[in-house]
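What follows is a short report on a single structure.
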Amino acid sequence: MTKFLKVRTGANGDLIMPADKFVMVSTGGGGFTTTVINYLTTGAFDTITLTHAADTNSGFNMINYIQNQLIQVAQSKWSESILDITTDAPTVISNVVIS
């Protein structure tokens, strides 16, 4: 069964991200206000970018958090297909963009 991570954003309401076929979670660089999740699709990569408050640990707090949430939802029961990551995130997530 496909599983998802759910994020509540102020600007765009509730958004969900697939929790399968992910390849890597990394920082968007700069002021460490973005975290990038790369997914493998048919012969290419899709990118989901989380915009959030500045991560004071060079981006690693959010990277580790997202990786742990992907593992947690993967190990959950089949009936627990959506994991809300909004409340426990180390910084406030303001938006999610897919490219």
Qualifying residues under side-chain contact (heavy atoms from CB on, under 4.5 Å), relative to Thr33, sequence neighbours excluded: Ala54
Partner residues of Asn12 under the side chain to side chain donor-acceptor pair (under 3.5 Å) criterion, sequence neighbours left out: Asn95
Residues that Ser94 engages under side chain to side chain donor-acceptor pair (under 3.5 Å), provided they are two or more places apart: none
All side-chain contact (heavy atoms from CB on, under 4.5 Å) counterparts of Ser79, not counting sequence neighbours: Lys77
Inter-residue atom distance Leu5.CG - Asp84.CG, 0.5 Å rounding: 9.5 Å
Separation between CG of Asn68 and CD1 of Ile85, rounded to the nearest 0.5 Å: 11.5 Å
Separation of Thr34 OG1 from Met62 CE (nearest 0.5 Å): 10.5 Å
Listed partners of Ser58 passing side-chain contact (heavy atoms from CB on, under 4.5 Å), at least two apart: Phe32, Phe60
Close side-chain approach of Lys6 and Leu83, heavy atoms under 4.5 Å: no
Stepwise side chain to side chain contact (heavy atoms under 4.5 Å, CB included) check, Thr9 with Leu15: CA-CA 8 Å; Thr9 66; Leu15 303 170; 4.1 Å; yes
Residues forming a side-chain contact (heavy atoms from CB on, under 4.5 Å) with Ser26, sequence neighbours excluded: Met24, Val36
Members besides Ile82 in its Ile/Leu/Val/Met/Phe/Trp/Tyr cluster (side-chain heavy atoms under 4.5 Å): Phe4, Ile16
Test salt bridge (Lys or Arg N to Asp or Glu O under 4.0 Å) applied to Lys21 - qualifying residues, sequence neighbours left out: none
Ile93 side, atom CD1; His52 side, atom NE2 - distance, nearest 0.5 Å: 7.5 Å
Salt bridge (Lys or Arg N to Asp or Glu O under 4.0 Å): pairs with one or both residues in residues 90-99, sequence neighbours excluded: none
Which atom pairs, donor and acceptor, lie under 3.5 Å between side-chain atoms of residues 43-51 and protein residues at least two apart or in another chain?
| unit_1 | atom_1 | unit_2 | atom_2 | d |
| --- | --- | --- | --- | --- |
| Thr47 | OG1 | Asn38 | OD1 | 3.1 |

Sidechain-backbone polar pair: Asn61 side chain, Asp55 backbone, donor-acceptor under 3.5 Å: no
Criterion side chain to side chain contact (heavy atoms under 4.5 Å, CB included) on Asp88 and Tyr65, from CA distance to verdict: CA-CA 9 Å; Asp88 296 332; Tyr65 176 73; 3.6 Å; yes
Single-linkage hydrophobic cluster, 4.5 Å side-chain cutoff, Tyr39 and Val97 together: no
Salt bridge (Lys or Arg N to Asp or Glu O under 4.0 Å) partners of Asp20, counting only residues at least two apart: none
Under 3.5 Å, which donor-acceptor pairs do the side chains of residues 69-76 form with other protein atoms, sequence neighbours left out?
| unit_1 | atom_1 | unit_2 | atom_2 | d |
| --- | --- | --- | --- | --- |
| Ser76 | OG | Lys3 | NZ | 2.9 |
| Ser76 | OG | Val73 | O | 2.7 |
| Ser76 | OG | Glu80 | O | 3.0 |

